[in-house]
Structure formats: structure tokens, C-alpha cells
Protein chains: 2
Amino acid sequence: MNPTPHPSDEAAARAANSPLVRDFGLLIKSAIRLEQRIDSALRQECGISHTMLEVLIRLCRRPGEEVSQRQLADDLTLTSSGTTRLIDRMEDAGLVRRVPSAEDRRVALVEPTPEGRTAFLRAAAVHAQVVDRYFVKPLAADDYTQLTGALGEIDKALREDTG
Amino acid sequence: MNPTPHPSDEAAARAANSPLVRDFGLLIKSAIRLEQRIDSALRQECGISHTMLEVLIRLCRRPGEEVSQRQLADDLTLTSSGTTRLIDRMEDAGLVRRVPSAEDRRVALVEPTPEGRTAFLRAAAVHAQVVDRYFVKPLAADDYTQLTGALGEIDKALREDTG
DNA sequence: TCTCAATTGCTGAGCAGTCAATTGCTGACT
DNA sequence: AGTCAGCAATTGACTGCTCAGCAATTGAGA
């Protein structure tokens, strides 16, 4: 069954079974699965991807606000080229429109079209459903507030250096 | 500044500013950023990707255990084709080896090579460093245990239906 | 006023994953 | 024994991102 165990096997097994490794894996895996759920629900029911919804969320937050691709890239944790292509697709789909900035001719402002806004409202409902089911329901109220608090701390630490 | 606000603007803004939306976004974003940190640290210092480390973690957990690509796919939340290509790359890099199963000639068992095991030990140290810095340090001990508990509940909910 | 380093967005090439279809094998049912 | 539904792994075509390198534009300092 276990013919010639290397001497380093034990050390490797110890590292592989460390609770920290397991816990961290759990965070990453839960996030991935959660996003997959949201994404496929949105694709099926609204025809848009999760990333596109994130763009619309950002754009609808403060109506009338001018949002550049750079800001979107930063907020979505994307590179500028990734953002360019994402906005290309969304423009093709009729969800957003690029408008040149009056103040700086380098920047392309992105704004939602009326269709984008209505798509957003539909998508937000689907989003809320999935979030409720897998993010709110499984947790006690106390756990929920503590979870988001903890995530805020992690996010702060991530921003602070090399941020 | 805000020429002709649509009537649906307010509804959209309300949805976009919902705390649930924000909190969920925080979870996803933190996980993405955390993974990017780990991934680039591992690439720079060990020449392997985060996904490859996850494979090695799984393979070293119980030395001598037979692990098929299917099991790896399930554990890593990947499709079987994604796993095939991942193992291709790892085999090319000399980290793992495919061994035909004696019991079922369809399955390819994956096992770490000696080089894979030593690479794993180095990578695990880097992994631990980053995890400690951004996952353990920012949290109080209580928050940590509660966070992992909450993640466990979410994971359970995800597994339970359509799992 | 001129220069020049920094910044915005875009493009080509490449990487790491997905989905759909295919092959080889297995085990259950007739 | 023979068929056939189903599963493991693989492949081709595609997606959605990254990185490196680009042109246009900006603003600060000589």
C-alpha cells in the first residue's frame, strides 16, 4: 500500500494538514464557488456575467457621477487592459456607453445606458437571491456581522502594503 | 452635473448601495486579492502557481494515498478538462507523475515526484508567510475562529444543494 | 515655453480556464 | 455472453483575463 515512504513525506504531510492551510483554502474555495453560483445564475436569467454586474453596481452607485475606466479597473481588481475589453463587450451588448471626458482627453468615461440600468435592476434581484441563500441564510446574524468585520480587516491589510 | 436623471436612477442607486451587495463584494474581492498575493509570491520565489500548490497540498496530505484526477478536480473546484491541462503542465515541470490505476484502466492516478515534494515544502513556507500576514495577523484570535466557522457554514450550504 | 516623466486607454500575444464532443473502459441488467 | 448507459480522461474551439509594449495627452519643473 505504501511501498517506500520518503523521509520528507512526514514533513510534507504535516505542512499539508496544517489548519492554516485548510482554513485559507476554505476561504478561497468558498469565494470561488459563491462567484460561480452567482455567475451562472446571472448568465441564465439575465444574460450578463458577474463581472458585468459589478461594473453596473459601480456605475449606478451615485447617479451622475463621472467614472473612468481607470477607476473601474481599481474597484474591480482588474488591469486596465482587462477593463478595456470588458467595457468593449458591455458596449457591444448595449449596457454601457463610452463618453470622452471634457477635462482630460485621455480618459474615457463609462456610463450606463437605459437598457443597462434596467438590466441592472433585474440582475440585482437575482444577485440578492443567491447572496441571501448562500451568504446570509447559512449564518447567524452575529456571525454575519463578525464575518464582514473580519473581511474588512483583511481587506485593509491588503490595501495597506503594496496597495 | 446631473442633467436628466432617469426615474429608475433612484431604484438603481438603492440596489447598488445595499449593504448586502457591498459585503458580498468585499468577500469576493478579498479572496481575489489574497489569491493574487499568494500566486505572485509563489511564482517569484518558487516558480509555481497557486493552483499547482493546491494540487501538491492535496497529494501530500496522506502519503501513499491514491488520488485520481477526478478527485483533484472535485477538491480544487475545477472541471475535468481543466485538471487534465493543469496536470499536463505540472508533469512537464517535473512536479507530478501520472500512473495508471491498477483497478480501473480509465483513471490516471497522480502522484508527486521527489522534486514535487521538495518544491512543495519550499512553497508551503511562502504560503504560510503570506497567509499569516494577511489572514491571521489582521484578525483577533476570536475573529479568526469565528470567520472560519462562518466559512464552513457557507461551504456546507453550497455543497448541500446542486452540490 | 519646452521638455519629459507619468498616466490613460488600446492592442498583440499568450495563459489558464470553460464547454462540447470523443475515446476507452466499466459494471449492471437481459 | 452481450448490450448499453455512464464515467474517466482527453482534445478542439473558445473566453476572459494578463503582461508587455504602444500612442496620445497631461502637468510639473528647467
Side-chain angles (χ1 to χ4, degrees), chain A residues 28-29 31-33 35-44 47-55 66-93 95-111, chain B residues 28-29 31-33 35-44 47-56 66-93 95-111 162:
Chain A
I28 301 292
K29 241 172 31 183
I32 292 177
R33 275 206 255 259
E35 206 195 347
Q36 285 176 346
R37 270 320 143 103
I38 295 257
D39 193 67
S40 65
L42 285 172
R43 289 188 129 88
Q44 279 174 31
I48 72 171
S49 69
H50 172 64
T51 320
M52 291 183 179
L53 174 57
E54 289 298 329
V55 170
E66 298 198 332
V67 181
S68 70
Q69 286 188 198
R70 180 100 293 276
Q71 281 171 287
L72 280 174
D74 290 343
D75 288 356
L76 301 185
T77 329
L78 278 177
T79 60
S80 71
S81 64
T83 308
T84 293
R85 298 184 216 268
L86 173 58
I87 300 302
D88 283 351
R89 270 172 280 137
M90 292 183 74
E91 218 172 16
D92 289 350
L95 297 167
V96 299
R97 182 168 41 214
R98 267 186 255 241
V99 179
S101 161
E103 286 140 30
D104 186 335
R105 271 187 292 173
R106 287 169 303 179
V107 335
L109 265 18
V110 183
E111 48 178 55
Chain B
I28 300 293
K29 241 175 27 186
I32 291 177
R33 275 206 253 259
E35 206 194 349
Q36 284 176 345
R37 270 317 144 108
I38 295 258
D39 193 67
S40 65
L42 286 172
R43 289 187 130 88
Q44 279 174 32
I48 70 171
S49 68
H50 173 65
T51 321
M52 289 182 180
L53 174 57
E54 290 298 330
V55 170
L56 291 173
E66 299 198 332
V67 182
S68 69
Q69 287 188 197
R70 179 99 295 277
Q71 281 171 286
L72 280 174
D74 290 343
D75 288 354
L76 302 185
T77 329
L78 279 175
T79 60
S80 69
S81 63
T83 307
T84 292
R85 298 186 215 268
L86 174 58
I87 299 302
D88 283 350
R89 271 173 279 139
M90 292 184 72
E91 218 172 17
D92 289 350
L95 297 167
V96 300
R97 183 169 39 214
R98 268 185 254 241
V99 179
S101 161
E103 285 140 31
D104 187 335
R105 269 187 294 174
R106 288 169 303 180
V107 335
L109 266 16
V110 183
E111 49 178 53
T162 325

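All values below come from the heavy atoms of this structure, side chains included, with hydrogens, waters and symmetry mates left out. Naming: A, B, ... by sequence-line order, numbering from 1 per chain. This structure is a prediction, so every number in the text was calculated from the model and none was measured.
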> Measure the CD-CD distance between A:Glu66 and A:Glu111 for me, rounded to the nearest 0.5 Å.
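A:Glu66 atom CD to A:Glu111 atom CD measures 8.5 Å (nearest 0.5 Å).
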
> Under 4.0 Å, counting only non-hydrogen atoms across every strand here, what does A:Ser68 touch: a base, just sugar-phosphate, or nothing?
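Contact class for A:Ser68: sugar-phosphate only.
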
> Expressed as a whole number of angstroms, how long is the span from A:Leu109:CG to C:dG9:C1'?
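Whole-Å distance recorded here is 13 Å.
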
> To the nearest Å, how far apart are B:Leu86 CG and D:dT11 C1'?
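Distance check: B:Leu86 CG to D:dT11 C1' gives 16 Å.
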
> Quick one: does B:Arg85 reach the base of C:dT18 with a side-chain donor-acceptor pair under 3.5 Å?
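Under the 3.5 Å cut-off, the side chain and the base do form a donor-acceptor pair.
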
> Hey, could you give me the CD/OG distance between A:Gln69 and A:Ser101, rounded to the nearest 0.5 Å?
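One finds 12.0 Å between CD of A:Gln69 and OG of A:Ser101.
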
> What is the distance, rounded to the nearest whole Å, between atom CD of B:Glu54 and atom C1' of C:dG17?
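Going from B:Glu54 (CD) to C:dG17 (C1'), I get 16 Å.
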
> What's the closest nucleotide to the side chain of A:Val107 if the choices are C:dC19, D:dT18, C:dG9?
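The answer is C:dG9.
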
> Taking the side chain from A:Gln71 and the backbone from A:Ser68, do they hold a donor-acceptor pair closer than 3.5 Å?
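It does hold such a pair.
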
> With salt bridge (Lys or Arg N to Asp or Glu O under 4.0 Å) as the rule and sequence neighbours excluded, what pairs involving residues 78-88 of chain B come up?
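Found B:Asp88-B:Arg98.
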
> With rounding to the nearest 0.5 Å, note down the distance linking CZ in A:Arg70 to CG in A:Asp104.
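Nearest 0.5 Å value for the CZ-CG distance: 13.0 Å.
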
> Return the value, rounded to whole Å, for the distance between atom CD of A:Gln36 and atom C1' of C:dG17.
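Roughly 10 Å, once rounded to whole Å.
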
> Quick one: B:Arg43 CZ to D:dT18 P, roughly how many Å, whole number?
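That distance rounds to 12 Å.
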
> Without decimals, in angstroms, what is the distance between A:Asp74 CG and C:dT7 C1'?
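In whole Å, C:dT7 C1' lies 12 Å from A:Asp74 CG.
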
> Looking for any heavy atom pair under 4.0 Å, which part of the strands does A:Thr83 touch: base, sugar-phosphate only, or nothing?
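Result for A:Thr83 = nothing.
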
> Does the protein touch nucleotides 22-29 of chain D at the base, only the backbone, or not at all? Give it as B, S and - per nucleotide, heavy atoms under 4.0 Å.
--BBS---

> Compare side-chain N and O positions of A:Gln71 against OP1 and OP2 of C:dT8 and report whether any pair is under 4.0 Å apart.
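So the side chain of A:Gln71 is outside the cut-off, no N or O lying under 4.0 Å from OP1 or OP2 of C:dT8.
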
> Say you draw a straight line from CE of B:Met52 to CG of B:Leu42; how long is it, rounded to the nearest 0.5 Å?
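That separation rounds to 11.0 Å.
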
> Determine: side-chain N/O of B:Thr79 to OP1/OP2 of C:dT18, distance under 4.0 Å, yes or no.
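Indeed, a polar side-chain atom of B:Thr79 lies that close.
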
> Side chain of A:Ser81, heavy atoms from C-beta onward: which of C:dT11, C:dT18, D:dC17 has the nearest atom to it?
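Shortest atom-to-atom distance from the side chain points to C:dT11.
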
> Which value, rounded to the nearest 0.5 Å, describes the distance between B:Ile38 atom CD1 and B:Arg33 atom CZ?
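Interatomic distance, B:Ile38 CD1 to B:Arg33 CZ, rounded to 0.5 Å: 15.0 Å.
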
> Rounded to the nearest 0.5 Å, what's the gap from CG on A:Leu72 to OG1 on A:Thr51? Could you check?
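Here the interatomic distance stands at 12.0 Å.
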
> How close do B:His50 and B:Asp39 get, counting heavy atoms only, and between which atoms?
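Result for this residue pair: N-OD1, 2.7 Å.
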
> Rounded to the nearest Å, what distance is computed from the CG atom of residue B:Leu78 to the C1' atom of nucleotide C:dC19?
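Between C1' of C:dC19 and CG of B:Leu78: 14 Å.
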
> Can you check whether B:Asp75 reaches B:Glu54 side chain to side chain, under 4.5 Å on heavy atoms?
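Of all side-chain heavy-atom pairs linking B:Glu54 with B:Asp75, none is under 4.5 Å.
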
> Which angle, to the nearest 10 degrees, lies between the helix axes at the two ends of the helix from C:dT1-D:dA30 to C:dT30-D:dA1, each defined by five pairs?
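Roughly 10° between the end axes, to the nearest 10°.
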
> Once you apply a heavy-atom cut-off of 4.0 Å, does A:Thr51 come out as touching a base, just sugar-phosphate, or nothing?
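Touches sugar-phosphate only.
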
